[in-house]
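In what follows, chains are A, B, ... by sequence order, proteins preceding strands, each numbered from 1. Bear in mind the structure is a predicted one, so any value in this text is a computation, not a measurement. The figures here come from the full heavy-atom set of this structure, side chains too, leaving out hydrogens, waters and symmetry mates.
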Protein chains: 4
Amino acid sequence: MSYLRSPERQRQILSCARKVFAERGFHGANVSHICAEAGIGRGTLYLYFENKRAVLVAILEDLVSRVKALMARRHIPRIPREAAKALTRDQIVAFSEGRLAELLGVVFSDQQTLRIVLREAVGLDVDIDKILATMDATLISIVERDLIAARDELGLVRDGIDLHHVATMVVGGVEKLALAALRGDIASDLPALIRSVVQFHLYGTMKPQAEGGVA
Amino acid sequence: MSYLRSPERQRQILSCARKVFAERGFHGANVSHICAEAGIGRGTLYLYFENKRAVLVAILEDLVSRVKALMARRHIPRIPREAAKALTRDQIVAFSEGRLAELLGVVFSDQQTLRIVLREAVGLDVDIDKILATMDATLISIVERDLIAARDELGLVRDGIDLHHVATMVVGGVEKLALAALRGDIASDLPALIRSVVQFHLYGTMKPQAEGGVA
Amino acid sequence: MSYLRSPERQRQILSCARKVFAERGFHGANVSHICAEAGIGRGTLYLYFENKRAVLVAILEDLVSRVKALMARRHIPRIPREAAKALTRDQIVAFSEGRLAELLGVVFSDQQTLRIVLREAVGLDVDIDKILATMDATLISIVERDLIAARDELGLVRDGIDLHHVATMVVGGVEKLALAALRGDIASDLPALIRSVVQFHLYGTMKPQAEGGVA
Amino acid sequence: MSYLRSPERQRQILSCARKVFAERGFHGANVSHICAEAGIGRGTLYLYFENKRAVLVAILEDLVSRVKALMARRHIPRIPREAAKALTRDQIVAFSEGRLAELLGVVFSDQQTLRIVLREAVGLDVDIDKILATMDATLISIVERDLIAARDELGLVRDGIDLHHVATMVVGGVEKLALAALRGDIASDLPALIRSVVQFHLYGTMKPQAEGGVA
DNA sequence: GATGAATGAGTTTTCATTCAT
DNA sequence: AATGAATGAAAACTCATTCAT
């Protein structure tokens, strides 16, 4: 028995639960597993959370709030259009990479949360789905906002693109890469991954010459 | 009650299970639900499947085999490099759209299977994960093969791109769009979605002029 | 494992539960106790009853329906008022004793049910309370109906009596006697008890001379 | 927080527990409920009572001791037999009503205790049952002693009556009336109820003429 | 082959009680 | 003396699976 103040104990349980859920999945994890991990009695968990599901919800909402905080914090740098025109390709790439790294840093700050969001929390129940949808929507809107700014203020974006679709695909693509990395299907070389993402979403796959050579 | 020979009955159970799993999720669905849907007794299911999990596995493996069949069937059209150079932008787009539509047609032939793959089968257990990973890998390798062919045989692909990463992102992006459509966050207008995907992955987001204007 | 048809199994569980509840009380009795007594698995009980509480409710409602059946069955014998006047004291006593014995026969047909009604089902929850109240009300109204008939049709009842109060007291008195008998505080000599009840409720305690001698 | 010496604090807890038990029943009431009501910490209760059950026992024993005190206090007024013969019917009734009111005053001094005795403490465990049995026995013996006195010293009681049975029925009848009043089935008009009880137990239900007219 | 009654392992959850502070 | 955080025993209940019919 160790006496901890409420908020610390709550955080401790949360972090142990994160670990356990990531390792065993939501259904594979017992309340007992979590409590053993946290070194507390089984009843203690119920002093801090209504039930097992509420622990997961807390983990997810914690992440959502971090993502929303990011969105609130981040503002589009105001560059005059003239200056925008003078941006080099490398400057644009570098800026995009920075933005993306920032985003990924918050979302996938730890592998455990990543695993939980992408795998353990999926398909559990309607309310949890709503939280995941909120997170998706927030992530997507962050990317979309950047794209809209790049289009409207910097004039950098190709015409006739549905930016919401694109933002959705960017987030989905990033998550799939992350999942593949989690599975060990591809190397977890974050900078390389980020470079791939940025290159891909800026330029697409088609050779400029090919494009250029087209009537 | 009704006399169906083994294979038909098996298929019938499978299709009822698909419906039930899609509607209620793997954990939310009882064996009873499936059997009621199929109009058979609870024990009968066990004549055809070892257990509940095996039913889901069968659904997934059925999909995997359809995807693999697609991969085996599909071969890259051999176009002489010279001809490739003469391809118009619209021809490339049209061809890509066709390929993608074909792919999506197999994978997401029905909303039920889609839902199961993207939501209900996620995070269940290690073996099911392996199946999902196999499907991901197969899908990705289909896209990747197309990309490799476009690069190596047609010379259409930009240099310095990690095509495995790109293929992964394309699949991930498509799935995220599908998920958003399932959730009702975006319109389920398949042709429009396919167009977005193809435009995005061919050209990326950056304006050609912007790119062109860079030193 | 023994295969019983639904209704028999249900009745068997009910009768075992009656025994177990009577012996150990509602809270003292486990579902396991009941199942062990019935020689069935723990889950089997839940095929027949929604939960432990529902088993008790079924026991009580079974009794209520027997009591209500008695009330429906029983009709007041129509005796012309003239004939009523000619009834001897012993005839009235004998008739009352018969009626009471009939009532007790249904209600307290077995000690187990009696114990459950008087002790184990008391104070459990609002709905069970309602059932007990219904039973009380039915018993009381049976007695009251007899009293009203004796008053209105036979003219046998003293003036200025609140017959509902009296009926309530009769039922309460009988139950207290039964409880005392259950506890072993008084002899379980049913005929003697019935005689006491009838004498008491017909004549009261006061000596007729005493009454007669009053101005 | 508030400084109360042991005995007052004990009494305070007891009175809060009485309220809580009456409102929620023994099983429905948490130790927390009681402590919250008393404005003390959860551990504090255990400084004054061994456990939850002990609190209920204390409430009941307090009542038992009040009832026993009544019994000890109450003595039969010595009236010469001659004087007894001269008692009017109204005098006897008035006296009986007084005695009964006195009894009820102690037992059911408050609705809370009444509810606990009649509903919440019933069927809990063997020891509590013994206390309730003691209370029943004491109440019954008080009534019985009055009846014996009325018979042996005043000669007011009809022959051939088992006074223990009668006393038991009187107590049972009174309790059933009280229960019905608690339930709202009958009006809680104490004087009217007392009158009904006294009339009934003195005179019974049968019309004197009817009785008189019998051979 | 088909059935569905029976099973019981496995989990969540509650709450009286303890004891470090 | 007072507290309330921590405990864990105890119990209800679900549901995939078995197997007598």
- Message: Strictly distance-based, threshold 3.5 Å: is any side-chain N or O of Gln12(D) a donor or acceptor partner for the main-chain N or O of Ala38(D)?
- Response: yes
- Using a cut-off of strictly less than 4.0 Å, decide whether Arg53(D) has a side-chain nitrogen or oxygen near OP1 or OP2 of dA16(E). no
- Message: Rounding to an integer number of Å, can you tell me how far Leu47(A) CG sits from dT18(E) C1'?
- Response: 14 Å
- Taking the side chain from Asn30(D) and the backbone from His33(D), do they hold a donor-acceptor pair closer than 3.5 Å? no
- Are any of Asn51(B)'s side-chain N or O atoms less than 4.0 Å away from OP1 or OP2 of dT17(F)? yes
- Hey, does Lys19(C) have a side-chain heavy atom less than 4.5 Å from the side chain of Ile34(C)? no
- Query: What's the CD-P distance between Glu8(D) and dA1(F), to the nearest Å?
  - Reply: 14 Å
- Task: Go through the steps to decide whether Arg183(B) and Asp129(A) satisfy the test salt bridge (Lys or Arg N to Asp or Glu O under 4.0 Å), and finish with yes or no.
- Result: CA-CA 9 Å; Arg183(B) 277 175 180 155; Asp129(A) 267 18; 5.8 Å; no
- Task: Using the closest heavy atom to pick a nucleotide of DNA chain F for each, name whichever of Ser32(C) or Gly41(A) lands nearer the 5' end.
- Result: Gly41(A)
- In DNA chain E, stems of three or more consecutive pairs, Watson-Crick or G-U, each with both distances under 3.5 Å, turn out to be E:2-21 with F:2-21
- Under 4.0 Å between any heavy atoms, over every strand shown, what does Ala29(D) touch: base, sugar-phosphate, or nothing? Just pick one. sugar-phosphate
- Message: From CG of Leu45(D) over to C1' of dG4(F), roughly how many Å is that when rounded to an integer?
- Response: 13 Å
- Task: Take the protein atom NE2 of His27(D) and the nucleotide atom C1' of dA12(F), then report the distance between them rounded to whole Å.
- Result: 15 Å
- Task: On DNA chain E, check which nucleotide each of Gly43(D) and Gly43(A) is closest to and give me the residue with the more 5' one.
- Result: Gly43(A)
- Query: For dT7(F), does either OP1 or OP2 sit under 4.0 Å from a side-chain N or O belonging to Thr44(A)?
  - Reply: yes
- Query: OP1 or OP2 of dT3(E) sitting under 4.0 Å from any side-chain N/O of Tyr46(B)?
  - Reply: no
- What is the distance from atom CG of Leu60(B) to atom CZ of Arg53(B), rounded to the nearest 0.5 Å? 10.0 Å
- Message: Whole angstroms only, please: what is the CD1-P distance between Ile40(C) and dA6(E)?
- Response: 8 Å
- Among dT17(F), dA6(E), dT3(F), the one nearest Lys52(B) by side-chain distance: dT17(F)
- Would you mind reading off the distance between Tyr48(D) atom OH and dT17(E) atom C1', rounded to a whole angstrom? 18 Å
- Whole angstrom value for the distance that separates P of dT11(E) from CZ of Arg42(C): 14 Å
- Item | For atom CD1 of Ile34(C) and atom C1' of dC13(F), their distance in whole Å | 13 Å
- Task: Mark yes or no for whether Thr134(B), through its side chain, and Lys130(B), through its backbone, hold a donor-acceptor pair below 3.5 Å.
- Result: yes
- For dG4(E), does OP1 or OP2 lie under 4.0 Å from any side-chain N or O of Ser6(C)? no
- Query: Once the angle between the rings of Phe21(B) and Phe26(B) is folded into 0 to 90°, is it parallel (under 30°), tilted (30 to 60°) or perpendicular (over 60°)?
  - Reply: tilted
